[in-house]
Amino acid sequence: MKSIERVLLSREQIAQRVLEMGRSLAADLDHEADRFAGAARAAGNLHVDGAVGPVVMIPVLTGALVFTADLIRAMPTSMSIRPVTLSSYPGAATTSQGVTVQGDVPTNLRGCRVVIVDDILDSGRTLGLLRRLVEAQQPQSLRLAVLLDKKKPEGRHENVKVEYAGFRIDDEFVVGYGLDFDGLFRNLPDIVTLRDSL
Ligand code: IMP
Ligand code: MG
């Protein structure tokens, strides 16, 4: 059995940071749209709107469920949401056991402006795999947003480019705000560490 040890990030700290992330992500997507439209205009393209791809958010379930719900509501951006389910920590494992895709990875992303959203970057296996699967479909642009970026003094299994990271945290196991241990604790509003309890 596990119980809460201490609060690492409070709901207030998380709310503030997620709001900032949503706003800056939305602003960057706006600027990008202006850039693509400007380039199309300069090239004499009459259908400038068609030069700017639709925004597709890809939350990695289940961990990114809560983060995505808050992030997208901080973004006044026209978007669709196409979740993917990946799993790398089966059951009570607390280290990555290799990634499996459950169900389908979104297809037809060619020309879309894709934002992959995940709860945490740990070994890098999950986002490394997904980044490659999405890049292969030739989106117009691709961004990765994670709430937590775990410090890995010994280096990551896979170095993944992440454009937006909410907090850098020490290399310890955390739950809450979408993150689980053995399927539990996802509904905690704060991000906490766990200890063994009797
Ligand atoms: P990676 O493939 O090792 O980078 O792992 C990423 C996935 O593992 C995340 O999407 C989480 O679901 C899970 N994960 C990694 N670290 C933690 C943690 O500290 N608590 C809960 N889940 C974690
Ligand atoms: Mg996950």
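All ligand and atom numbering here is 1-based and tracks the order in the structure. Values below: all heavy atoms of this structure, side chains included; hydrogens, waters and symmetry mates excluded.
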Set out, in order, the CA-CA distance, both residues' side-chain angles and the distance that settles side chain to side chain contact (heavy atoms under 4.5 Å, CB included) for Ile4 and Leu188, then state yes or no. CA-CA 10 Å; Ile4 295 172; Leu188 294 179; 3.9 Å; yes
Check against salt bridge (charged side-chain N to carboxylate O under 4.0 Å, His left out), Arg132 and Glu135: CA-CA 5 Å; Arg132 285 193 299 280; Glu135 258 163 8; over 6 Å; no
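A salt bridge is defined here as a Lys NZ or Arg NE, NH1 or NH2 lying under 4.0 Å from an Asp or Glu carboxylate O, and Glu20 with Arg17 meets this definition.
Considering backbone and side-chain N/O atoms, Leu121 never comes within less than 3.5 Å of an N/O atom of ligand 1. For ligand 1, none of its N or O atoms has an N or O atom of Val99 under 3.5 Å away.
In this structure, Val175 has no heavy atom closer than 4.0 Å to ligand 1. Within the 4.0 Å heavy-atom shell around ligand 1 one finds Ser123. Remark: distances from the non-hydrogen atoms of Lys150 to ligand 1 include one below 4.0 Å. Residue Val60 places no heavy atom under 4.0 Å from ligand 1.
For the salt bridge (Lys or Arg N to Asp or Glu O under 4.0 Å) test with Asp122, the passing option among Lys151, Lys152, Arg156 is Lys152; the others fail.
Heavy atoms from both the backbone and the side chain of Thr126 come within less than 4.0 Å of ligand 1. At a heavy-atom cutoff of 4.0 Å, ligand 1 is contacted by the side chain of Asp118 but not by its backbone.
Less than 4.0 angstrom separates some heavy atom of Val174 from each of these atoms of ligand 1: 18 (C), 19 (O), 20 (N), 21 (C).
There is a side-chain donor-acceptor pair under 3.5 Å between Glu5 and Thr193.
Considering CG of Leu147 and CD1 of Ile120, their distance stands at 8.5 Å, rounded to 0.5 Å.
Listed by chain and number, the residues in a side-chain hydrogen bond (donor to acceptor under 3.5 Å, both in side chains) with Arg195 amount to none (sequence neighbours excluded).
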